[in-house]
Asker: 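Take this structure, written in structure tokens, and hold onto it; I'll ask about it next.
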Amino acid sequence: MKELDIHKIRADFPILSREVYGKPLVYFDNAATTQKPQCVMDKINEMYTTVNANVHRGVHFLSQAATDEHEASRRTVQEFINAASSNEIVFTRGATESINLVASSFCRDFCREGDELVITAMEHHSNIVPWQLQCDYYGLKLEVVPINAEGELILDELEKKITSRTKLIAVTHISNVLGTVNPISRIVEIAHRHDIPVLIDAAQSVQHRKVDVREIDCDFLVFSSHKVYGPTGVGVLYGKEKWLDALSPYQGGGEMISSVSFQKTTFNSLPFKFEAGTPDFVGTAALASALRYITSIGLENIDLYEHELLRYATEKLLAVSGLRILGNAADKSSVISFLVDGIHPYDMGTLLDKMGIAVRTGHHCAEPLMRELGVEGTVRASFAFYNTKEEIDMLISGIQRIVQMFR
Ligand code: PMP
């Protein structure tokens with residue numbers, strides 16, 4: 001383990017030195033999107049300046065160079081999550097599109113009327129609505145695993161939800177609202193005992209801790225580039241080769257075909273079967289650059305440092321009178337949702353913003369969870385490894401000033 005040089009790290013993120021309303025920016029909305037290190041922006045510039053050409057299509061030099069870069073990025077992602085083969089890495093537009101891809105192809109190929117899908121009460125809309133669309137279309141049933149008062153999944157209830165009609169379990173690794181880290185290896189173990197595949201929504205986890213798909217043994221895993229310090233518009237779908245092989249294509253177009261005639265089209269091999277149209281090869285190169293950047297810092301170091309921020313912030317927040325934290329799981333990541341008696345989350349967020357402090361307010365794309373918690377919304381502060389205890393002190397004194405204003 002090495003101590004992070006936060007001063008040096010912050011210098012890698014130009015946006016962190018800007019001011020908002022004449023105040024230094026304190027960026028605590030990392031669960032929504034992360035800021036970008038200079039190397040990611042440089043990579044985008046380099047790609048357009050020196051390599052730009054369409055991939056997989058041309059015999060010319062630049063097209064080969066762009067293709068090499070794009071496929072090298074795929075291998076970087078493969079290594080990052082320890083997939084067995086780069087054929088198991090499909091590039092998409094984001095975690096949302098990755099889930100829609102699996103939901104659409106899996107339900108079409110493997111589900112019949114009356115079959116069941118299992119999700120949890122703490123899912124993001126992106127891991128609810130794609131399944132609901134399929135449920136409506138094919139007459140499937142969506143089962144929901146409840147949570148306890150601490151915001152942890154009730155695993156016994158998961159076991160109870162599994163029936164002979166259960167076809168797939170989709171669960172988030174880390175809740176974007178509660179910060180709860182779910183025991184995904186245990187969930188996969190339970191599911192596999194019943195021969196049920198599992199999709200892991202890792203949109204909130206790959207940026208915080210080492211995720212090893214072979215160790216977890218999940219069947220599918222998804223994440224978004226923009227939450228892991230990469231560019232927007234790129235996402236990853238990991239799928240075990242046996243599953244990706246078995247699934248029908250999601251979208252049709254160039255790249256995903258082997259041959260086309262008006263009578264019959266045959267499809268390309270993995271992973272191209274799922275990548276219709278020109279991929280964002282500039283984005284994938286920049287994502288690879290982001291992954292190399294955080295790998296060089298070390299996810300174990302990031303995890304430790306962010307845990308210290310979480311511990312520090314939790315202790316300080318709980319000392320504010322009338323403040324309560326929603327989500328107190330034993331295993332928690334660096335997301336804190338809170339409410340202060342008598343202060344609407346929107347007011348809290350707006351006033352903090354005027355102090356230069358960016359937090360999230362609202363339902364965080366998890367309306368069913370809000371209903372479960374009996375609240376309309378929360379204030380959410382989410383940390384990254386470039387944040388500091390001094391910034392947390394600024395948040396706390398900001399909240400205290402707002403509390404004074406309202407009392
Ligand atoms: N799942 C979780 C847990 C998330 O937090 C998010 C983003 N807030 C998503 C899925 C969707 O990610 P994207 O919008 O990048 O597709």
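Whatever order the structure lists ligands and atoms in, that order sets their numbers, starting from 1. Values in this document were obtained by computation on a predicted structure and should not be read as measured data.
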Asker: Which pairs pass ring-ring contact (aromatic ring centres under 6.0 Å, His included) with one or both residues in residues 99-122, sequence neighbours excluded?
Answerer: Phe106-Phe110, Phe106-Trp243, Phe110-Trp243
Asker: Are Lys240 and Asp245 ion-paired here, with the side-chain N under 4.0 Å from a carboxylate O?
Answerer: no
Asker: For the residue pair Lys43 and Tyr48, would you count it as a cation-pi contact if the rule is NZ or CZ under 6.0 angstrom from the ring centre and within 45 degrees of the ring axis?
Answerer: no
Asker: Only counting residues at least two apart or in another chain, list the ones meeting side chain to side chain donor-acceptor pair (under 3.5 Å) with Lys389.
Answerer: Glu308
Asker: Ring centroid separation for Phe13 and Tyr293, is it under 6.0 angstrom?
Answerer: yes
Asker: Report all side-chain donor-acceptor pairs from residues 276-286 shorter than 3.5 Å, counting only partners two or more places apart or in another chain.
Answerer:
unit_1 : atom_1 : unit_2 : atom_2 : d
Thr278 : OG1    : Asn54  : ND2    : 3.0
Asp280 : OD1    : Gly283 : N      : 2.8
Thr284 : OG1    : His70  : ND1    : 2.8
Thr284 : OG1    : Phe281 : O      : 3.0

Asker: For ligand 1, find each of its N or O atoms that sits under 3.5 Å from a protein N or O atom, and tabulate the pairs with distances to one decimal place.
Answerer:
unit_1   : atom_1 : unit_2 : atom_2 : d
ligand 1 : 1 (N)  : Asp201 : OD1    : 3.3
ligand 1 : 1 (N)  : Asp201 : OD2    : 2.5
ligand 1 : 5 (O)  : Gln204 : NE2    : 2.7
ligand 1 : 8 (N)  : His124 : NE2    : 3.1
ligand 1 : 8 (N)  : Lys227 : NZ     : 2.7
ligand 1 : 15 (O) : Ser224 : OG     : 2.6
ligand 1 : 15 (O) : His226 : NE2    : 2.7
ligand 1 : 16 (O) : Ala95  : N      : 3.4
ligand 1 : 16 (O) : Thr96  : N      : 2.9
ligand 1 : 16 (O) : Thr96  : OG1    : 2.5

